[in-house]
Amino acid sequence: MEINLISDTVTKPSPEMLQAMFNAKVGDDVFKQDPTVNAFEKMVADLFGMEAALFFPSGTMANQTAIKLNTNPGDQIICDKWSHIHLYESGGASFNSGVNFNLLDGNRGLITAEQVKNGINDPEFYHTPLSKMVGIENTTNKGGGACYEIEELQKIKQVCTDHNLKYHLDGARLWNALIAKKQQPKQYGEMFDTISVCFSKGLGAPIGSVLLSDAATMKKALRIRKIFGGNMRQSGYLAAAGIYALQNNINRLEDDHRRAKELGAKLASCSWVSKVEPVETNIVVFAVQSHLNDKQVIEKLAQKGIAISLLAKNTLRMVTHLDYREVMHSYVLETLEKMEL
């Protein structure tokens with residue numbers, strides 16, 4: 001039995017999703033003539049109560065487009081030090097948009113309104129970069145799937161309004177946060193200037209993210225996507241997977257969250273584990289005892305047919321997903337209980 005807990009990006013389309021893709025009506029999306037893409041974009045925009053949406057090949061490209069839309073070269077983005085847009089997008093913010101970061105020391109990737117306020121540069125002091133955008137990641141990847149409370153996000157929004165800052169949400173795993181916190185998409189749509197959401201993680205689509213904003217901003221985004229090489233032709237086959245995911249795979253995220261919490265509890269009982277971060281959604285982050293080599297743990301589990309990932313030195317990660325079935329879960333729990341190092 002091969003069990004892949006490296007990421008929730010490892011999922012493959014279900015037979016039902018593949019059938020939906022096979023049946024899609026398509027056209028040339030470069031000319032905005034793909035009916036399935038158009039329907040998908042409208043569906044996501046309506047879900048968040050925003051004016052317009054645009055389908056992208058990846059979440060990184062959607063985030064990079066948002067940065068380009070919200071900043072000018074020389075500007076500064078305020079975000080947590082663990083943010084995906086800073087750590088895991090290959091320096092794209094500097095390469096594509098000529099901006100830098102003010103990295104805040106948040107809690108598990110979560111920042112506060114007070115931290116944001118204190119991180120804003122004086123716009124009259126021209127020696128420092130002009131603070132222009134606040135980037136939020138929800139859930140946090142490196143923070144172990146931690147979620148924001150809606151009230152704190154609203155406080156940050158007020159800081160952005162008071163200081164004329166753009167407000168972007170990297171919502172790669174926002175679906176998980178919505179389920180875990182019992183929040184609604186429209187609560188986010190009314191707060192943020194731009195939002196990116198991913199369909200190839202928890203929702204099981206093979207590819208794709210969507211960027212949302214007002215109609216005028218998304219018209220500009222269309223040009224930036226072209227510049228970045230993100231235009232696709234008969235992409236309705238991929239958009240059909242996103243539609244299926246929206247209609248069928250959101251509520252089942254509760255199963256991923258339950259299994260992740262059970263994995264976290266089991267790891268906490270293992271003598272070779274030193275710490276397990278609180279588990280809120282589908283990501284389990286844990287550290288091994290200092291005298292152990294983290295690669296030993298990865299290799300030991302690999303021998304049992306279980307793949308996990310190294311998040312940082314001495315820090316490991318497991319991510320549950322829709323291809324991680326209950327029979328696999330029982331096997332992993334049993335393996336962890338019996339494993340000795």
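- The number of heavy-atom neighbours closer than 6.0 Å to CZ of Arg325, taken from other residues, nucleotides and ligands shown, is 12 or below.
- Side-chain atoms of Leu336 and Leu301, non-hydrogen and from C-beta on, do get closer than 4.5 Å to each other.
- Counting non-hydrogen atoms of neighbouring residues, nucleotides and ligands closer than 6.0 angstrom, the CD atom of Glu340 reaches no more than 12 such neighbours.
- Judged purely by atom type and a 3.5 angstrom limit, Gln115 uses its side chain to pair as donor or acceptor with the backbone of Asp105.
- Using a 4.0 Å cut-off between a side-chain N of Lys or Arg and a carboxylate O of Asp or Glu, Arg173 and Asp256 do not qualify as a salt bridge.
- Between Lys155 and Glu152, some side-chain heavy-atom pair lies under the 4.5 Å cut-off.
- The closest side-chain donor-acceptor pair between Tyr188 and Asn138 falls under 3.5 angstrom.
- Heavy atoms of other residues, nucleotides or ligands lying less than 6.0 angstrom from NZ of Lys275 number 12 at most.
- Contact record, Ala172 with Cys198: O-CB, 3.3 Å, taken as the closest heavy-atom pair.
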Audit row: Leu246, Leu47, side chain to side chain contact (heavy atoms under 4.5 Å, CB included) steps and yes/no: CA-CA 10 Å; Leu246 275 181; Leu47 185 65; 4.0 Å; yes
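- Taking the side chain as every heavy atom from C-beta outward, Tyr244 and Gln19 never approach each other to under 4.5 Å.
- Under a 4.0 Å N-O distance rule, the pair Glu299/Lys295 does not qualify as a salt bridge.
- With respect to the salt-bridge test (charged N to carboxylate O, under 4.0 angstrom), the residues Glu334 and Lys304 do not qualify.
- With Asn70 as the partner, the side-chain hydrogen bond (donor to acceptor under 3.5 Å, both in side chains) test is satisfied by one option alone out of Thr65, Thr194, Asp75: Thr194.
- Within a 6.0 Å radius of NZ in Lys117, other residues, nucleotides and ligands contribute 12 heavy atoms or fewer.
- For Lys219, the NZ atom is loosely surrounded, since the number of other residues' heavy atoms within 6.0 Å does not exceed 12.
- Going from atom CG of Leu316 over to atom CG of Leu5 covers 12.0 Å, rounded to the nearest 0.5 Å.
- Counting heavy atoms from C-beta on, the side chains of Leu103 and Cys79 come closer than 4.5 Å.
- Shortest non-hydrogen contact noted between Phe228 and Met61 is O-CE, 3.6 Å.
- By the 6.0 Å contact criterion, CG on Asn23 is enclosed, its count of non-hydrogen atoms from other residues, nucleotides or ligands being greater than 12.
- Asn249 has its side chain out of reach of Trp175: every pair of non-hydrogen atoms, C-beta onward, lies at least 4.5 Å apart.
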Side chain to side chain contact (heavy atoms under 4.5 Å, CB included) between Ile179 and Asn251, worked out: CA-CA 7 Å; Ile179 292 296; Asn251 289 333; 3.9 Å; yes
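- Proximity of Asn282 to His321: side-chain heavy atoms (C-beta onward) are nowhere separated by under 4.5 Å.
- Classification of Lys142 and Glu137 as a salt-bridged pair fails, no side-chain N sitting under 4.0 Å from a carboxylate O.
- Listed for the Ser83 side chain is no donor-acceptor partner under 3.5 Å among the backbone atoms of His86.
- The number of heavy-atom neighbours closer than 6.0 Å to NZ of Lys157, taken from other residues, nucleotides and ligands shown, is above 12.
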